[in-house]
Asks: 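The structure that follows is given in the form of structure tokens.
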Amino acid sequence: MVHLLIKNIKKLVQVEDKPKKWKAGKEMADVATIDNAWLLIENDRIKDFGFMSEFSTSNFKPRTSNLQKIDASGRMVFPSFCDSHTHLVYPASREIEYVDKIKGLSYEDIAKRGGGILNSAKRMKETTVDELVDGALQRLEEIVSYGTGAVEIKSGYGLDTGEELKMLYAIRKLKELSPLTIKSTFLGAHSIPAEYRGKQHEYVDIVINEMIPQVAAEGLADYIDVFCDRGFFTVEDTERILMAGLKYGLRSKIHANELDYSGGIQVGVKYNALSVDHLEYTGDEEIEVLKNSETMSTILPGAAFFLGMIYAPARKMIDAGLPVAMASDFNPGSSPSGNMQLILSMASILYRLTPEEAINACTINGAYAMGIEEDLGSIAKGKKANLFITKEIPTIEFMPYYYGSNKVETVILNGRIV
Ligand code: NIG
Ligand code: FE
């Protein structure tokens, strides 16, 4: 057995005795902490933790010489961020479109003239699985250094059966190669290929009759996604795809209400989606529907910020009692960053979440939104030892406040320093 003991932790953050599946409404303001703490990891799991004042070597006798110790004086320990929505497997960056956006074109304008997702789909055809994996591994390394310990990755730049499978093969390879916990989502319905414009139901037929069965047969996806929004897939398309997914045991996580009151939230909840994501256009009716559902409301601050969109009413949703998660949406078009510390800052600066609410949104609620809340998202006995040790920082509030710089010093994934 391998043991790792972290001592003299200034503050151990987000500890739980009885782990919750999520934090909703007022609970989001609570982040339990232990000042001057120790934490013991056994193999890849959190074994125990407590106050330094109560620490004695007698309550801790690992029957092994394989004990590593870390002195975390002046530093805090957080559970890793759980980034529940990304598109970080992609063939190439798209900074030229970003310049077009600066000059005034909208996300939809760019999509209409074959840019955006379709641009990535064109590049996908010239890219091999190995090239996809190489590019994505670099980005995974980067997000690990910023404190992410679990990430969801979507397909959706293939838009063709073979190309979609290619993306999913790349994600499967990343699961093997990376120390991160990874969930994969099939997003064949990300955009309508140019040749199906005006007859998109035919493309939806391919998603349903060709793609989903193959994806399921090879066990390539944990979840299924649809971009249900104005100019993309309709509620009817979405409903058909979600039903087909459920037939193969694929629960949904959908893109909804980014561009309009699209009905995406309602259809997601109707099919018991694990999460509905984006949510810029969320009104009272949508909030009512989300209450009493098992669906996580997931907001993607990076995309709203980068595209200059309106901001989802996060404050109102939390005040209405909902759980809210926040994720990076790391992708080459609308959010070319996977830095979850920046998401913490945006959560408080742009959405008026307190630092504690932001931490819950990026840890336990993100874990729920990718179906791993029993394993990750907080510091609890038996959970996976994915966590980070900060640099010397004065307070928890300093994390969102000191925005833009990396406050993470040491990352531990699966109980090992990476
Ligand atoms: O989540 N909204 C749809 N899809 C992505 C954008 C992907 C892209 O532009 O490449 C998003 O923002
Ligand atoms: Fe997205």
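Both ligands and their constituent atoms are indexed starting at 1 by order of listing.
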Asks: Indicate yes or no: does Glu141 engage Arg139 in a salt bridge with an N to O separation below 4.0 Å.
Replies: no
Asks: Is the Phe186 to Tyr223 ring centre distance short of 6.0 Å?
Replies: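 Ring centres of Tyr223 and Phe186 not closer than 6.0 Å.
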Asks: Could Glu164 and Lys154 be called an ion pair, given the rule that one side-chain N must be under 4.0 Å from one carboxylate O?
Replies: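 Answer for the salt bridge query: no.
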Asks: Please output the residues near ligand 1 using a strict heavy-atom distance under 4.0 Å, listed in chain and residue-number order.
Replies: His85, His87, Arg94, Tyr107, Ile117, Tyr157, His190, Phe227, His255, Glu258, His278, Asp329, Asn331, Gly333, Ser334
Asks: Would you say that more than 12 heavy atoms from the other residues, nucleotides or ligands in this model lie under 6.0 Å from the CD of Glu374, or not?
Replies: no
Asks: Cys228 and side-chain contact (heavy atoms from CB on, under 4.5 Å): which partner among Thr234, Leu242, Asn257, Thr238?
Replies: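 Filter result, single survivor: Thr238.
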Asks: Given 3.5 Å as the limit, does a donor-acceptor pair link the side chain of Lys253 with the main chain of Ala369, or not?
Replies: yes
Asks: Does the distance from a Lys or Arg side-chain N to an Asp or Glu carboxylate O, for Glu288 and Lys291, drop under 4.0 Å?
Replies: yes
Asks: Around the Fe ion (ligand 2), what protein N, O or S atoms are found below 2.8 Å?
Replies: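 Protein N, O or S atoms closer than 2.8 Å to the Fe ion (ligand 2): His85 NE2, His87 NE2, His255 NE2, Asp329 OD1.
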Asks: What pairs of residues pass the salt bridge (Lys or Arg N to Asp or Glu O under 4.0 Å) test when at least one of them lies in residues 317-336, not counting sequence neighbours?
Replies: Arg315-Asp319
Asks: Could you name each residue pair satisfying side-chain hydrogen bond (donor to acceptor under 3.5 Å, both in side chains) that touches residues 193-203, not counting sequence neighbours?
Replies: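 The answer is Gln200-Asp237.
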